[in-house]
Amino acid sequence: MRAAMEPLFQQYNVSLAICGHVHAYERSAPVYKNQTTPTGTTYFNIGDGGNREGHSSSWLESPGWSANHDGTMFGHSRLTVENRTHALFEWIPNDGTDWIIRDSVWVRNLNG
């Protein structure tokens, strides 16, 4: 995906990309060409909704752009668009007792 989409994301100032498949949660810092940069895209892998195969809890070495990840809990996310320039992304694990926000980040609209 990176080879095909990242140049387009950069060209059109895509602020965030929401993806899935891997059965875990991960958020990147804003990144372009594997380097963190304020003008890069923030990627969210939200594949932790649950499945019969279980979690993807083993990780390769974490790259410098990986801001947060968790492969031990199922969870869900919330995206609140505050205004034209900012949105709040929150990740909440479903731990069975309390729904406590475990990761949150403000994403700035790169076109704003």
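Remember, predicted model here, so these are calculated numbers, not experimental data.
Cluster annotation: Y43 is not connected to Y32 through the hydrophobic network of ILVMFWY side chains, with a link wherever side-chain heavy atoms come within less than 4.5 Å. Follow the hydrophobic side-chain contacts under 4.5 Å out from L110 and you never reach W106; the two are in separate clusters. Linking Ile, Leu, Val, Met, Phe, Trp and Tyr whenever their side-chain heavy atoms come within less than 4.5 Å leaves F44 and V81 in two separate clusters.
Put simply, the side chain of N109 never gets that close to the backbone of S15: no donor and acceptor are under 3.5 Å apart. Not one N or O on the side chain of S28 forms a donor-acceptor pair closer than 3.5 Å with the backbone of W65.
The two residues Y12 and N111 make their nearest non-hydrogen contact at O-ND2, 3.3 Å. Of all heavy-atom pairs spanning W91 and S77, the tightest one is CD1-OG, 3.7 Å. The shortest heavy-atom contact between A29 and A67 is N-CB, 3.9 Å. The shortest heavy-atom contact between F9 and A17 is CE1-CB, 4.0 Å. Contact record, M73 with D70: N-OD1, 3.1 Å, taken as the closest heavy-atom pair.
For the pair Y25/R102, no side-chain contact is recorded, criterion being any heavy-atom separation below 4.5 Å from C-beta on. The shortest distance between side-chain heavy atoms of Q10 and T39 falls below 4.5 Å. Contact of the T42 side chain with the R27 side chain is registered, since non-hydrogen atoms from C-beta on lie closer than 4.5 Å. With contacts defined as side-chain heavy-atom distances shorter than 4.5 Å, the pair N45/H69 does not qualify.
The structure places CZ of R78 at 10.5 Å from CZ of F89, a figure rounded to the nearest 0.5 Å. In this structure, NE2 on H76 lies 9.0 Å from CD on E90, to the nearest 0.5 angstrom. From I46, atom CD1 reaches atom CG of L79 across 8.5 Å, with rounding to the nearest 0.5 Å.
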